[in-house]
Amino acid sequence: MNVTPDMTRTTASTAEPRAADADSLKRAIVEKLAYVVGKDPGHATQKDWCTALSMAVRDHVVDAWFDATRRGYATRRKRVYYLSMEFLIGRLLHDAVCNLGLEDAVRKAAADLGIDYDALVGQESDAALGNGGLGRLAACFMDSMSSLGIPAYGYGIRYEHGLFRQRFHDGWQVEEPEDWLVSGHVWEFERLEVAYPVKFGGHISFDGHGRTYWHADETVLAVAYDTPIAGWTGRHVNTLRLWASKPVEVLDLRRFNHGDYVSAAEKTIRAETISRVLYPDDTTPEGKELRLKQEFFFTSASLQDLVRRFVSEFDDIRQIADHVAIQMNDTHPAIAVAELMRILADEHRLPFAEAFEITRKCLSYTNHTLMPEALERWSVGLFRRVLPRHMQIIEWIDYHHLAEVQGRNVPVSLDDIRIIEWGNEIKMGNLAFIGSHRVNGVSALHTELMKQTVFHDFHTLYPDRIVNETNGITPRRWLYECNPGLRGLLIDAIGDGWVGDLSEIEKAVPLATDAAFRERFAAAKRANKIRLAAEIKRRIGLDVDPSALFDIQIKRIHEYKRQLLNILETIALYQAIRRTPGAEWTPRVKVLAGKAAPGYHMAKLIIKLANDVARTVNADPIVGDRLKVAVLPNYNVSLAEVIIPAADLSEQISTAGMEASGTGNMKLALNGALTIGTLDGANVEIGERVGPDNIYIFGLTAENVAEIRKTGYNARATIENDPTLRAVLDSIAAGAYSPDDPGRFNELLDRMWNVDWFLVSADFQAYFQRQREVDVDYRDATRWTERAILNTAKVGWFSSDRTIKGYAKDVWDVDTF
Ligand SMILES: *Cc1c(COP(=O)(O)O)cnc(C)c1O
C-alpha cells in the first residue's frame, strides 16, 4: 500500500541512498534511543520511543531536504514566501512517514521492537500554532507546495504557547495554556546564527544627503527555527521558518551587579513576550500593541531574511520581483507593504516610486473575511508610536495613490479607498490591496461578494486585480493518513494516483453502483465510527451506538457558524421523540466540538447550552439510543483526524454570506459525509460538483440575507409563527436544561427574540425539515452509501494542490513540477 519512495535522495554523509528497510529502521530507532534520548530499551517510556522513532524518520526527511535546498540554489527558480500569522500544523510523525513511503517498514520495525506504532504517533504533541481554518489552510498549502515541487518558505511565529487547551468544567469552557514545546519538539532545528534585529518606536532623521535613519528605542532579535515539510513521495521538501523573539543582550550586567536581579532580567522578558502566545481569536485584534508588534516582528524578520537570500544570489535588487513572490495570508502581515518599501528605499536607496512598483510586483494578498468587525484597523496614535517610519511610508503611499486616482476620472468614494481614515485609523485591508498586484478571495461566492462590498470601489479602479482561488485541503493528511480503511479500498479499486493528483479520485464514481465496493465502503465507515465511539467513551464517558447516524459539527464556536441552530434543532428533535417515542426514529449521534475565543461571551454561553442539552438528552430513558449528544472538548487537528472519517452528515450551516470558504466542509465530504448546509462559502461549489441529490441545501441565500438586513428583520414574528421553534425556546426559558439556574440563557433568548442578527429563526424551519429528510434517507443504507461514495469521488477538485496550482499561475507566476 506504500508508494515507492524517491530513491534518488542521498544521505548527507555518504552520497548513498539511506536504507529504508525495516531492519535498518529498527537499528536506527534503537541507536537514536541510546545516543540521542539516552535510554536503553528496557527503561524507555512511550514518549522516549516516539522521540527515537521520530529522530530516525527525521534523518530521511533531512536527506531529502538537503537535496531540495541544493536544487533550489542551483536552478535559481523563483521562490514563494508564504507569510502567515498562523500555521495549524498538527502532528508531523505520521505525515512524514506516509509522505516518504516508509509506513510498511516503520510499522514492521516497531512491531519487531514490541512497540505499538499507532500509540507512539499519539505521543507527539499537536502543534496548534493557529486558531482554525486560516492557520490550517497555511499548513495544507505547505504540504501542497512541497508536493508540487515549488521552492517555498512558510514564515510565521514560533509561539511558545499555541492555542489554549479547552476543558469543560460543569459544562463551561475553561482555558488552559498549551505548552507544546515543554516535552521537546523533534521536528525543528534551531538556527541561532540566523537572527535579525527588529526595531520598534523611536524617531526618524534625515542626514541631508538623501539618507533616512530610524533611531529605534527598542530592538529585539528574531531567531529562526526551521521545520522541514516533506511533500508527497519526498521528491521535494520545503522549510517552515518560525521566528522566536529574543533579547539583543542576554542580561543587564550593570543592574545585576547592583543586586537588582529582577529588573536585570526585565528586557529579556519584554523581548520574549512577543512570541509568547498566539492570540486566541482570529476575528478581532486584541491586546492591541502586542498584537501589532507580533505582526511587525515576523513580517520584518521574514522580509529581511528573503532580501538577504536574494542579495546573496543576485546582483541587482531591482530584479527582486522576478525571483520572489510573497503571499500575505490575510492582513496580519500587511505591514509588509511598508516594510519592503523601507528596506528598498532606506537600506538599498531606491527612489520611493520605484520601491513602490517593485513592492507591488512582489506582494499579493488573500482576504479571508468580509465581516467589518474582523477587518484589521490600527489607531494612528498607536501605530506612529510603535512604527514611526512605517507611518510615514504609509502616508506617502496613501497620498500618491489618492492623487493618482483623482487624475483618473473614475467615480469612487474617497472613504472606500483611502488607507488612513481621516487621520484616525489605518485600514490594513486597503493597505494590502494597494500594495499587491493580486488580491484573492477563497471561494467563488466570497470573491464575488468582495467585489460587491468591501473592495467595490477598488474593483472599479483595478478590475484585473481581484481573482478567486477557492480553498482546498491536502488529500495526504485528510484522507490517506487519517482514513486508512478508505485509503486501502480506494487503492485496491483505482490505484494510488489520486494521492498525488486528487482529480483521479473521480475514477471511483462508477463504484457507487458496485454492490461489493459499497459493502466494503460501508464496512470502512463502520470501523471508523467504532473508533470514534471509543474515543467519545474515553473522553467524556458516553456510550454511543456506531450504527446510528453520526451527525458532525466541528469548527470554532462562533455565532455566524450557528452552532445554536444545530442545538435548537436537537432540542426540537428531542421533544418530538419524547412525544411519540414509538414512532419510527432514525437513531442519531450529534457530535459537536470547537473552541470559543476566551473573551467571546456569547460563544461560551452556546457551549454551556450544548453541554446542558447533552446532559439532559443523554440521561433521558425515554429517548435512549434514538438521540445522543456528544460535546467533545479540545478540538484540534488530531481530534479532527479521528472524527472526520467517521462522519455520515456534515453540518455547514453558517448564515449565508458569512463563511468565506470553509475547509472542514471539504474534509468531511472527501471522507464520504453528506453535507447539510446553506449556500455559503465553498458549500456552493461542493454542491455544484456532487449534484443536488447528494447534498442537503436549505435556507436563505446570501442575497436574501442582504435584502432582509436592509429592510430590517422581525425575529419575533417569525418565532411566533413557528410552533416548533417556539416550544424549543420556551423550554430553554423554563429551565428544562438548566433547572439549577433557569435564567441562565436569558441573554441568548433575548437576542433570539429581539435581534437574531444571524437569522437562526429565519432558517430554522427549512433546516428542521431538511433534517427529517435526512432521517428518512439514512434508513435506505444502500442508497446512502452510494451517495457517500459519490461525495468522496466527486470532490477531488478541492485538493489544495489544485488551489496552489491556481496561485502559481494567476498570482505568483511560478512553475510546478
Ligand atoms: C479544517 C479545520 C478547521 C476549519 O474548519 P471550518 O469548518 O472550515 O471552520 C478548524 N480547525 C481545525 C483543527 C481544522 O482541522
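Hydrogens, waters and symmetry mates play no part in the numbers below; they use all other heavy atoms, side chains included. Remember, it's 1-based here, ligands and their atoms both numbered in the order they're listed.
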- Message: I need the contact type for Lys561 against ligand 1. Using non-hydrogen atoms and a strict under-4.0 Å cut-off, is it side chain, backbone, both or neither?
- Response: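 The part of Lys561 near ligand 1 is the side chain, not the backbone.
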
- Where does Ile473 meet ligand 1, judged by heavy-atom distances below 4.0 Å: at the side chain, the backbone, both, or neither?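 The answer is neither; Ile473 stays 4.0 Å or more away.
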
Enumerate the atoms of ligand 1 whose separation from the nearest heavy atom of [X] is less than 4.0 angstrom.
X: Gly662; value: 8 (O)
X: Thr663; value: 1 (C), 4 (C), 8 (O)
X: Val637; value: 13 (C)
X: Gly133; value: 3 (C), 4 (C), 10 (C)

Look at [X] together with [Y] and state whether they make a salt bridge at an N to O cut-off of under 4.0 Å.
X: Arg476; Y: Asp801; result: yes
X: Glu569; Y: Lys590; result: yes
X: Glu103; Y: Arg487; result: yes
X: Lys604; Y: Glu175; result: yes

- Item | Residue, atom name and distance, where the atom is the protein heavy atom closest to atom 2 (C) of ligand 1 |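 Scanning the protein heavy atoms, the shortest distance from atom 2 (C) of ligand 1 goes to Lys667 NZ, 2.5 Å.
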
- Message: To check your reading of the model: name the closest protein heavy atom to atom 5 (O) of ligand 1, its residue, and the distance in Å.
- Response: Gly664 N, 3.8 Å

- Query: Does an N or O from Lys555, backbone or side chain, lie closer than 3.5 Å to an N or O of ligand 1?
  - Reply: yes

- Taking N or O atoms only and a 3.5 Å limit, does Glu659 qualify as a polar contact for ligand 1? no

- Which of parallel (below 30°), tilted (30 to 60°) and perpendicular (above 60°) describes Tyr153 and Tyr155? parallel

- Report the relative orientation of the aromatic rings in Phe141 and Tyr807; use parallel for angles under 30°, tilted for 30 to 60°, perpendicular for over 60°.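 Correct class here is perpendicular.
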
